[in-house]
Amino acid sequence: LQGKPHWNKTRRINLGGLQLMNYMQRILQLRYPHHTNNISLSRVEELLNLTHISTEFFEDLKKWKQPTYFEKNALKVEFPFVPVSRPPPTDPEVLKARRQELGRRLTEINAKKREAKLEQNLALLAELQAAQSLEDQESKYRKSLERMRLKDSAELDSLIIKTQSAIQKAQDAKQRDAQRQESSEPETKKRREDMGDTERMEFDVWIEDIQSKLQEIRERKAARAARRKQLAKRRTAASQERMRIINQLARNNKEEDTFGLNDSDWDIYKQISRDAEDSDSEEETLKAQEYEAVLREHGSVDNQVHKNSPEWHRIHLSTELIMVPEIIFQPSIIGLEQAGLAETIEFIFSKFSADEVKRLADNVYLTGGLSNIKGLKERLEVELQQMLPFQSSFKVTISEDPMTGAWKGASQWAAKSHNQRNGFMTKAEYDENGEGFLKQHFASNINIF
């Protein structure tokens with residue numbers, strides 16, 4: 001006022017562009033974790049120029065909940081990237097040959113495994129039937145049971161039935177493979193790019209059906225695996241219930257139920273439940289492999305955007321466009337316990353008389369890098385209108401060059417000879433007061449906390 005600074009009535013806000021950029025970097029890195037390295041401070045500094053200060057912050061923030069508003073106002077920023085050239089599409093006949101070769105190899109591998117298992121089961125069945133034939137010879141029959149670690153004839157009969165069932169399943173699967181090889185392969189489908197609209201729609205429906213079937217198989221496998229895992233643990237509800245049922249079936253009297261308290265009881269339980277649980281069928285596994293091969297062939301293994309696509313290197317700026325610069329007026333957004341710009345101005349006005357406040361309000365001058373943020377002048381005018389009496393006048397002016405305006409002003413001030421005499425420290429003053437001495441003058445910078 002009147003060419004004199006009132007240092008005791010000034011206040012400093014410990015907030016600047018660095019805090020705004022750090023906050024914007026953190027929220028973008030959390031939203032796009034695969035672009036953490038791309039979202040650097042230098043790049044965020046460029047993105048900060050896209051933000052603007054809202055005059056009605058909370059009302060504008062609510063608008064972003066509407067999908068139509070988001071689609072219309074969100075900014076798409078694409079990071080620089082070099083697309084990897086993709087090889088030309090493979091000829092359909094080559095794809096058909098590859099698919100046939102893959103199917104043949106899978107069939108051969110599974111056939112070998114099934115044949116080896118079938119031979120083992122046939123040998124086991126022959127041994128079990130040989131032992132069963134010795135039932136009339138008590139001593140030899142008992143030795144045979146002990147050699148195969150069987151307790152009695154009931155357990156022998158049960159093992160024979162299981163082995164016969166496994167042999168029958170293997171023979172049925174072998175027959176199905178033979179029928180599958182005799183059937184002709186369906187005609188090769190055209191690439192999606194070469195299809196018409198109707199064919200493309202049918203193709204998408206077919207791909208979705210394949211994905212749903214594959215997902216069903218995976219869910220069934222996961223459920224069976226979880227069931228087996230639960231039954232393998234002693235203290236799970238599933239294994240406790242199974243043990244209780246086994247105990248009820250095994251008891252022949254009404255005595256106290258103590259089965260399951262000893263480790264030996266659980267060894268019996270594991271032996272009983274070893275082959276009782278459903279396992280992943282071979283046919284189901286082959287079907288899943290077939291579905292996965294189809295999805296890989298058509299590039300539809302998942303719904304994620306490919307890294308070679310421009311969309312992968314693109315981020316969307318939405319609420320942060322107004323939330324980041326709002327920190328100037330609400331530092332509590334980033335956890336700073338201090339007043340914002342409008343509250344600080346109102347506090348300073350309270351230190352002056354009404355006439356002095358009028359003169360101050362008519363000369364609000366904005367400079368510095370943050371003054372370049374769009375909407376700062378309009379927001380400050382709204383805040384001044386709300387804090388000043390009704391029909392009070394005010395004027396907000398922005399520097400012509402906010403970035404270097406303060407430096408240019410200080411340069412012009414220091415270029416004048418009388419300011420150099422009064423403002424610069426002499427050697428004698430330095431020798432007398434030391435390096436911590438601050439010479440006070442008209443333009444000296446005194447921090448008031």
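Excluded from the calculations below are hydrogen atoms, water molecules and symmetry mates; all remaining heavy atoms, backbone and side chain alike, are included.
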Salt bridge [X]-[Y], side-chain N to carboxylate O under 4.0 Å:
X      : Y      : value
Asp172 : Lys169 : no
Lys63  : Glu59  : no
Lys213 : Glu290 : no

Handout entry: Parallel, tilted or perpendicular: ring planes of Phe70 versus Trp64, cut at 30 and 60 degrees
Key =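 Phe70 and Trp64: perpendicular rings.
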
Problem - Parallel, tilted or perpendicular: ring planes of Trp312 versus His34, cut at 30 and 60 degrees - result: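 Tilted: the ring planes of Trp312 and His34 meet at 30° to 60°.
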
Where the side chain of [X] meets the backbone of [Y], is there a donor-acceptor pair that is under 3.5 Å apart?
X      : Y      : value
Lys351 : Lys9   : no
Thr426 : Glu429 : yes
Glu45  : Met21  : no
Asn22  : Leu18  : yes
Glu320 : Ser318 : yes
Gln29  : Arg26  : no
Tyr32  : His316 : yes
His52  : Pro325 : no
Glu381 : Val396 : no
Glu78  : Ile315 : no

Would you mind reporting whether [Y] and [X] have side-chain heavy atoms less than 4.5 Å apart?
X      : Y      : answer
Asn37  : Phe79  : no
Phe394 : Val364 : no
Leu341 : Glu383 : no
Ile27  : Arg31  : no
Ser393 : Lys358 : yes
Phe329 : Leu376 : yes
Val324 : Ile333 : no
Asn73  : Leu321 : no

What is the minimum heavy-atom distance between [X] and [Y], and which atoms define it?
X      : Y      : answer
Leu214 : Ala288 : CD1-O, 3.8 Å
Ala170 : Arg114 : O-CD, 3.4 Å
Gln338 : Pro331 : O-CG, 3.7 Å
Glu435 : Tyr430 : CA-CE1, 3.7 Å
Arg379 : Phe57  : NH1-CB, 4.4 Å
Ile327 : Leu15  : O-CD2, 3.3 Å

[atom1] of [X] to [atom2] of [Y]: how many Å apart, nearest 0.5 Å?
X      : Y      : atom1 : atom2 : result
Leu370 : Met403 : CG    : CE    : 9.5 Å
Ile398 : Ile373 : CD1   : CD1   : 10.5 Å
Glu216 : Tyr291 : CD    : OH    : 9.0 Å
Asn38  : Arg43  : CG    : CZ    : 5.5 Å
Leu48  : Gln25  : CG    : CD    : 12.0 Å
Ile322 : Ser54  : CD1   : OG    : 5.0 Å

Exercise for the section: Evaluate the criterion salt bridge (charged side-chain N to carboxylate O under 4.0 Å, His left out) for residue pair Glu108 and Lys112; output intermediate values, then yes/no. Expected result: CA-CA 6 Å; Glu108 289 179 356; Lys112 289 180 180 179; 5.5 Å; no

Practice task
Show the numbers, then the answer: is there a side chain to side chain contact (heavy atoms under 4.5 Å, CB included) between Ile345 and Leu380?
Solution key: CA-CA 10 Å; Ile345 293 175; Leu380 201 53; 3.8 Å; yes

Exercise for the section: I would like to know whether Lys113 and Lys117 meet side chain to side chain contact (heavy atoms under 4.5 Å, CB included); could you show each step before the answer? Expected result: CA-CA 6 Å; Lys113 292 181 179 180; Lys117 185 65 175 178; over 6 Å; no

Practice task
Apply side chain to side chain contact (heavy atoms under 4.5 Å, CB included) to Arg359 and Asp355, showing your working.
Solution key: CA-CA 7 Å; Arg359 295 170 60 187; Asp355 182 62; 4.0 Å; yes

Practice task
Count the heavy atoms belonging to other residues, nucleotides or ligands that lie under 6.0 Å from CD of Gln66, then report whether that count exceeds 12.
Solution key: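 Yes.
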
Exercise for the section: Please indicate whether Glu400 has more than 12 foreign heavy atoms, meaning atoms of other residues, nucleotides or ligands, lying under 6.0 Å from its CD. Expected result: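 Atom CD in Glu400 is not crowded, with 12 or fewer foreign heavy atoms closer than 6.0 Å.
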
Practice task
For Asp401 and Lys408, run side chain to side chain contact (heavy atoms under 4.5 Å, CB included): C-alpha distance rounded to whole Å, both residues' side-chain angles, the deciding distance at 0.1 Å, then the answer.
Solution key: CA-CA 9 Å; Asp401 187 5; Lys408 289 179 179 178; 3.2 Å; yes

Practice task
Kindly confirm or rule out a cation-pi arrangement of Arg11 over Phe347, judged by NZ or CZ under 6.0 Å from the six-membered ring centre and within 45° of its axis?
Solution key: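 No, cation not above the ring by the 6.0 Å, 45° rule.
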
